Asks: 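Quick one: the structure is below, and I'll ask about it shortly.
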Amino acid sequence: MSDMDPREAEMDSLLRQSMTEPVPRLSPDFHQVLSRELRRRSLPPHPLGRILLAGYGGVSAVTSIVVMRSQGLGWVAIAVMMLGSLATLELARRLRRRQSGIAAK
């Protein structure tokens with residue numbers, strides 16, 4: 001410990017002291033509220049929410065296409081970028097499903 005500067009020695013002592021303290025736990029009330037909120041959020045989304053999300057995605061795609069065309073990009077480059085984004089989204093959905101399936105087992 002002699003080769004540490006004063007700031008490192010102080011940080012080391014703080015870390016050592018915090019490691020001796022008991023592990024913090026959530027209060028039972030907060031744990032219940034958190035569990036209830038997680039269950040509520042795991043319900044399927046409202047149909048209006050899906051419509052709004054799809055509309056937002058459509059407007060975003062059209063806006064992106066207009067901006068990319070105004071920057072001089074060709075249709076091939078635009079299509080590759082759009083389809084690449086959709087492929088990434090689908091890959092993320094599949095991985096999420098696979099992980100939730102593994103977690104359920």
Side-chain angles (χ1 to χ4, degrees):
M1 239 213 267
S2 61
D3 59 338
M4 288 192 225
D5 68 29
R7 291 177 59 196
E8 288 178 343
E10 185 179 352
M11 180 59 74
D12 187 60
S13 69
L14 276 172
L15 289 172
R16 287 178 190 277
Q17 180 184 0
S18 68
M19 289 173 57
T20 61
E21 299 293 323
V23 176
R25 304 248 184 246
L26 294 176
S27 71
D29 293 336
F30 184 76
H31 189 268
Q32 287 177 348
V33 170
L34 183 62
S35 297
R36 193 176 319 125
E37 184 67 20
L38 288 173
R39 278 193 302 275
R40 186 185 69 79
R41 288 182 182 218
S42 67
L43 295 174
H46 192 273
L48 181 60
R50 287 185 182 206
I51 292 169
L52 287 173
L53 185 60
Y56 175 78
V59 169
S60 298
V62 169
T63 303
S64 297
I65 290 170
V66 169
V67 169
M68 285 189 271
R69 282 297 294 164
S70 70
Q71 293 298 315
L73 288 176
W75 286 110
V76 173
I78 293 172
V80 166
M81 283 190 248
M82 290 292 182
L83 293 175
S85 298
L86 290 175
T88 303
L89 180 64
E90 182 60 25
L91 179 66
R93 286 182 61 213
R94 287 179 187 231
L95 288 174
R96 185 174 175 194
R97 279 188 198 152
R98 180 177 291 164
Q99 285 183 346
S100 66
I102 291 172
K105 290 182 180 179

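All values derive from a computational prediction rather than experimental measurement.
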Asks: Going through the checks in order, is the side chain to side chain contact (heavy atoms under 4.5 Å, CB included) test met by V66 and R69?
Replies: CA-CA 5 Å; V66 169; R69 282 297 294 164; 5.9 Å; no

Asks: Are more than 12 heavy atoms from other residues, nucleotides or ligands located less than 6.0 Å from atom CE of M11?
Replies: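 For M11, atom CE is not crowded (no more than 12 foreign heavy atoms under 6.0 Å).
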
Asks: Roughly how far apart are M68 CE and T63 OG1, rounded to 0.5 Å?
Replies: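 The CE atom of M68 sits 10.0 Å away from the OG1 atom of T63.
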
Asks: Let me confirm one number: the CD-CG distance from E37 to L34, rounded to the nearest 0.5 Å.
Replies: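 Answer rounded to 0.5 Å: 8.0 Å.
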
Asks: Is there a path of hydrophobic side-chain contacts, each under 4.5 Å between heavy atoms of I/L/V/M/F/W/Y residues, joining M81 to V62?
Replies: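 No, because V62 and M81 fall into different hydrophobic clusters, even though each may have its own neighbours under 4.5 Å.
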
Asks: Taking all heavy atoms of L73 and all of I78, pick out the closest pair and write down the distance.
Replies: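 Shortest heavy-atom separation between L73 and I78 comes out as O-CD1, 4.0 Å.
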
Asks: Please determine if R7 and E10 form a salt bridge, counting it only when a charged side-chain N lies under 4.0 Å from a carboxylate O.
Replies: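 Looking at E10 together with R7, the answer is no, because their closest N to O distance does not fall below 4.0 Å.
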
Asks: Applying side chain to side chain contact (heavy atoms under 4.5 Å, CB included), run through E90 and R93 and close with a yes or a no.
Replies: CA-CA 5 Å; E90 182 60 25; R93 286 182 61 213; 3.1 Å; yes

Asks: Could you tell me the separation between the OG1 atom of T88 and the CG atom of L83, rounded to the nearest 0.5 Å?
Replies: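 Between T88 OG1 and L83 CG, I get 10.5 Å after rounding to 0.5 Å.
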
Asks: More than 12 non-hydrogen atoms from neighbouring residues, nucleotides or ligands closer than 6.0 Å to CZ on R50, yes or no?
Replies: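 Count not over threshold, so no.
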
Asks: Write down the atom of M82, the atom of S64, and the distance for their closest heavy-atom approach.
Replies: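 Looks like CE-CB, 3.5 Å.
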
